2 protein chains.
Amino acid sequence: MEDGRPEAHVAAGEVVERLLALTGELHRLLAECAARADLTPQQAMLLRCLGQRRPMHTVAAELSCDPSNVTGLIDRLERRGLVERGPDAADRRVRVLSLTAAGRRVRAELERDLARAAALPAGLSPAELRQLLGLLAKFRPGGAEPR
Amino acid sequence: MEDGRPEAHVAAGEVVERLLALTGELHRLLAECAARADLTPQQAMLLRCLGQRRPMHTVAAELSCDPSNVTGLIDRLERRGLVERGPDAADRRVRVLSLTAAGRRVRAELERDLARAAALPAGLSPAELRQLLGLLAKFRPGGAEPR
DNA sequence: TATTGTTATACTCTATAACTATA
DNA sequence: TATAGTTATAGAGTATAACAATA
């Protein structure tokens with residue numbers, strides 16, 4: 001708790017502003033890439049989670065949403081033949097999610113598109129990119145969490 | 001500009017990963033602050049736009065969404081007495097949006113909460129914060145855009 | 001008793017198309 | 001003709017609560 005200095009507060013407000021703007025831009029970017037793959041942004045995020053087979057509830061945790069929500073998302077992706085629900089040998093309650101061949105193709109295409117679209121930020125040199133990565137790694141919003 | 005090196009590509013993929021993760025964290029943060037003010041994240045973003053009175057279509061542009069969408073958002077906020085629709089003296093087609101006294105209170109509370117929650121990242125010194133700001137200002141996802 | 005996943009429900013968000021009232 | 005905003009509609013996302021199956 002050494003920041004009672006006004007500059008820290010000013011910079012802090014500025015960071016909020018820029019980060020929320022960045023979030024908006026990135027979400028727009030994600031939406032565009034998703035749309036090119038005929039997906040919604042949420043479906044795209046779900047597909048990105050499925051690099052490996054995994055049970056539903058871990059996906060819900062990773063997406064920070066309610067499990068009942070994932071049920072609906074998977075329903076729509078399964079109807080399109082991109083995802084499958086399988087049994088778990090060890091625990092008959094769980095449904096293991098996995099990509100179909102078509103799902104793997106769509107996911108790979110999406111990843112390529114995202115890398116192409118987001119990873120060529122004009123105006124940043126490779127050195128600056130590394131610097132940004134380092135700062136983002138240290139940055140933890142809500143890090144000052146009380147209570 | 002010494003691109004073309006493999007490291008640049010690796011860093012690029014890493015940036016996508018980190019930025020999407022950051023987007024998720026920030027959205028969660030926004031959702032939490034919004035919820036404390038009894039708002040949805042979208043309603044919070046709309047309120048943030050209304051620091052000054054302004055016509056609806058400029059808000060739609062800033063939020064990058066369809067105007068018909070803003071109609072619904074405003075309907076709900078107006079019903080709660082946070083926003084008002086007023087006439088424009090110069091052009092009778094436009095509806096000028098403005099915050100009520102209650103709306104200003106909620107917005108101020110929200111801004112304070114956001115600054116508190118997001119702007120005190122543990123582990124970043126003031127110098128690093130300034131550095132981060134500079135890099136974020138230069139960063140333009142989709143910067144490879146033609147035209 | 002607790003956990004995994006689904007269903008039912010209700011709401012919000014979102015875009016498209018058709019409409020109005022202005023300009 | 002073009003623009004600002006609304007309405008109607010349809011669909012997607014979201015959480016809550018109740019539930020079945022399993023642990």
Side-chain angles (χ1 to χ4, degrees), chain A residues 23-24 27-28 30-32 34-50 53-80 82-98, chain B residues 23-24 27-50 53-80 82-98:
Chain A
T23 298
H27 187 268
R28 217 165 305 138
L30 171 66
E32 286 169 9
R36 277 192 282 272
D38 200 23
L39 298 167
T40 66
Q42 292 87 349
Q43 288 169 351
M45 288 304 286
L46 180 34
L47 233 56
R48 293 192 79 244
C49 282
L50 292 183
R53 300 160 37 86
R54 54 195 302 192
M56 251 206 48
H57 69 277
T58 68
V59 171
E62 182 152 332
L63 296 180
S64 302
C65 72
D66 194 89
S68 67
N69 191 10
V70 177
T71 296
L73 287 167
I74 295 296
D75 282 349
R76 290 181 276 275
L77 289 174
E78 195 176 32
R79 214 178 300 142
R80 288 181 45 187
L82 301 181
V83 175
E84 278 174 343
R85 279 182 246 237
D88 182 307
D91 187 336
R92 293 200 316 204
R93 291 173 303 179
V94 333
R95 309 274 258 155
V96 176
L97 303 177
S98 58
Chain B
T23 299
H27 187 268
R28 216 166 304 139
L29 197 113
L30 170 66
E32 286 170 10
C33 292
R36 278 192 281 270
D38 199 22
L39 298 168
T40 66
Q42 293 86 351
Q43 288 169 352
M45 287 306 284
L46 179 33
L47 234 56
R48 294 192 77 245
C49 283
L50 292 183
R53 301 161 35 86
R54 54 193 303 191
M56 249 204 50
H57 69 279
T58 69
V59 172
E62 181 151 333
L63 297 180
S64 303
C65 72
D66 194 88
S68 67
N69 191 10
V70 177
T71 296
L73 287 166
I74 296 296
D75 282 348
R76 290 181 278 274
L77 290 173
E78 196 177 31
R79 214 179 299 142
R80 288 181 46 188
L82 301 180
V83 175
E84 279 174 342
R85 278 182 247 237
D88 182 305
D91 186 336
R92 294 198 315 206
R93 291 173 303 179
V94 333
R95 309 274 258 154
V96 176
L97 303 177
S98 58

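Nothing here was measured: the structure is a model prediction, and the numbers come from that model. Residue numbering restarts at 1 for every chain, and letters A, B, ... go by the order of the sequence lines.
- With respect to the salt-bridge test (charged N to carboxylate O, under 4.0 angstrom), the residues A:Asp88 and A:Arg53 do not qualify.
- Side-chain atoms of A:Thr40 lie closest to D:dG13 of the nucleotides C:dT6, D:dG13, C:dA23.
- When the C1' atom of D:dA12 is taken as reference, atom CD of B:Gln42 falls 12 Å away, rounded to whole Å.
- Taking atom CZ of B:Arg93 as the reference point, atom P of D:dG5 lies 9 Å away to the nearest angstrom.
- Looking at the side chain of B:Arg95, the nearest of the listed nucleotides D:dA23, C:dT22, D:dG5 is D:dG5.
- For B:Met45 and C:dT12, the CE to C1' distance is 17 Å, given to the nearest whole Å.
- Rounded to an integer number of Å, the gap from A:Leu73 CG to D:dA12 P is 11 Å.
- One interatomic measurement links the two molecules: CD1 of A:Ile74 to P of C:dT4, which rounds to 16 Å at whole-angstrom precision.
- Considering only side-chain N and O atoms, B:Thr71 lies under 4.0 angstrom from the phosphate OP1 or OP2 of D:dT6.
- Across all non-hydrogen atoms, the minimal contact from B:Ile74 to B:Arg85 is CG2-CZ, 3.5 Å.
- Residues A:Arg54 and A:Glu62 form a side-chain contact, since some pair of their non-hydrogen atoms from C-beta on lies under 4.5 Å apart.
- We find that CZ of A:Arg28 is positioned 12 Å from P of C:dA15, with the value rounded to whole Å.
- Annotation: side chain of B:His57 is not in contact with side chain of B:Pro67 (no heavy-atom distance under 4.5 Å).
- For B:Asp75 and D:dT7, the CG to P distance is 7 Å, given to the nearest whole Å.
- Remark: B:Thr40 OG1 to B:Met45 CE distance equals 11.0 Å, nearest 0.5 Å.
- B:Arg80 places its CZ atom 13 Å from the C1' atom of C:dT12, with the value rounded to the nearest Å.
- Contacts between residues 58-68 of chain B and DNA chain D, defined by a heavy-atom separation under 4.0 Å, are made by B:Ser68.
- Residue B:Asn69 has no polar side-chain atom (N or O) positioned under 4.0 Å from OP1 or OP2 of C:dC13.
- Using a 4.5 Å heavy-atom threshold, the side chains of A:Arg95 and A:Thr71 count as separate.
- Each of C:dT12, D:dA4, D:dT6 was ranked by its minimum atom distance to the side chain of B:His57; first place goes to D:dA4.
- Nearer the 5' end of DNA chain D, as judged by each residue's closest nucleotide, is the contact made by B:Pro55, out of B:Pro55 and A:Arg92.
- Each of B:Asp75, B:Leu73, B:Leu47 was checked for a side chain to side chain contact (heavy atoms under 4.5 Å, CB included) with B:Val83, and the lone residue meeting it is B:Leu47.
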